Amino acid sequence: MLREVLATRYVTPLREGGSLPGIVEADDLGTYVMKFTGAGQGPKSLVSEVVCGGLARRLGLRVPELVLIGLDPVIGLAEPDQEVQELLRASAGTNLGMDYLPGSIGFDPLAYRVDPVEAGRVVWFDALVNNVDRSWRNPNLLVWHGELWLIDHGAALIWHHNWPSAAASAARGFAAADHALAPVGPDVAGADAALAPLVTAELLDAVLAEVPDAWLAPEPGLDHPDALRAAYRDTLLTRAATIGERVELGARTERRGSGAPGWLTGRPEAAEAGRTGGAGR
């Protein structure tokens with residue numbers, strides 16, 4: 001289960017994200033990036049963070065530790081920003097924290113090289129959870145102590161926004177042409193062979209047990225938290241069985257291009273267009 005801590009000080013908002021996460025200090029003397037139940041995306045974004053983060057860690061990928069953070073909105077009374085105060089008031093109770101990695105930097109493909117094996121595992125994982133929010137435009141990757149860390153999975157598991165279509169969504173492939181690690185030549189087949197057998201019902205049940213019941217709001221035909229957990233489990237199990245065969249990487253890139261700039265893809269014509277003010281597409 002996720003550790004539980006209590007927020008003791010709101011430090012500053014992080015305005016890069018649309019959900020307005022903030023840096024907080026907690027009673028365990030830790031510092032966390034806090035994501036709020038009262039944000040526009042609602043609790044489903046936090047469910048996605050817990051499920052994807054827990055699954056990634058169990059598959060050997062690096063994700064900052066997640067904790068449950070209790071929030072008393074009184075800690076935001078000194079915050080001058082009215083939007084932040086409203087967010088804190090709307091998020092009283094249990095929220096999600098991600099361990100703050102001091103000194104980490106955003107992933108830069110020119111400064112940090114990723115080998116095809118690690119890249120393949122990240123691309124395969126993103127395909128499994130249908131995470132479209134790791135493109136070259138917004139990698140959601142950090143480099144900390146010389147290693148690659150995955151962050152921000154709130155936009156993944158897109159099917160949980162429409163459960164009646166979950167089965168059809170799970171059957172779809174994954175377009176990875178724009179993935180931040182696509183230019184590395186990720187070994188997706190090797191990742192599939194190594195990781196797919198690890199995604200079992202038992203592993204997924206352990207991951208889903210970490211999601212608080214309060215975040216699993218009833219859905220049509222899924223009126224209990226355990227029913228929702230079973231739906232997440234079954235969808236991910238189905239997807240894991242064949243997703244390695246349905247990652248659209250090389251063929252899709254050759255057909256339409258990723259739109260990434262030439263300095264990233266190595267396409268001379270795109271690099272030249274960028275130097276001369278062209279669109280590079």
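Just so it is clear, the structure is predicted and the values come from calculations on it, not from any experiment.
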Verdict with reasoning, Asp205 to Arg229, per salt bridge (charged side-chain N to carboxylate O under 4.0 Å, His left out): CA-CA 8 Å; Asp205 283 341; Arg229 290 188 177 95; over 6 Å; no
Report yes or no: does Asp27 contribute a side-chain atom to a donor-acceptor pair with the main-chain N or O of Leu6 at less than 3.5 Å?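 Checking the backbone N and O of Leu6 against the side chain of Asp27, a donor-acceptor pair under 3.5 Å is found.
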Contact check, side chains of [X] and [Y], non-hydrogen atoms, under 4.5 Å:
X	Y	result
Phe125	Asn131	no
Val211	Tyr232	no
Leu157	Trp159	yes
Leu141	Leu181	yes
Arg134	Val122	yes

Considering all heavy atoms, the nearest Leu59-Arg121 contact: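 Scanning both residues, the minimum pair turns out to be O-NH1, 4.1 Å.
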Are there more than 12 heavy atoms of other residues, nucleotides or ligands under 6.0 Å from atom [atom1] of [X]?
X	atom1	answer
Leu237	CG	yes
Gln82	CD	yes
Gln85	CD	yes

Flag the pair Arg3 and Asp99 as a salt bridge only when some basic side-chain nitrogen lies within less than 4.0 angstrom of an acidic carboxylate oxygen.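 Between Asp99 and Arg3 there is no salt bridge, as every charged N stays at least 4.0 Å from the carboxylate O atoms.
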Let me know which of Pro64, Pro139, Ser104 forms a side chain to side chain contact (heavy atoms under 4.5 Å, CB included) with Ile151.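 When Pro64, Pro139, Ser104 are each tested with Ile151, the side chain to side chain contact (heavy atoms under 4.5 Å, CB included) holds only for Pro64.
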Applying side chain to side chain contact (heavy atoms under 4.5 Å, CB included) between Leu96 and each of Val50, Val47, Val33, Ile69, report the one that passes.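 It is Val50, the one option of Val50, Val47, Val33, Ile69 that forms the side chain to side chain contact (heavy atoms under 4.5 Å, CB included) with Leu96.
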Would you mind listing every ring pair (Phe, Tyr, Trp, His ring centres under 6.0 Å) that reaches into residues 60-118, with sequence neighbours excluded?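 Residue pairs passing ring pair (Phe, Tyr, Trp, His ring centres under 6.0 Å), neighbours aside: none found.
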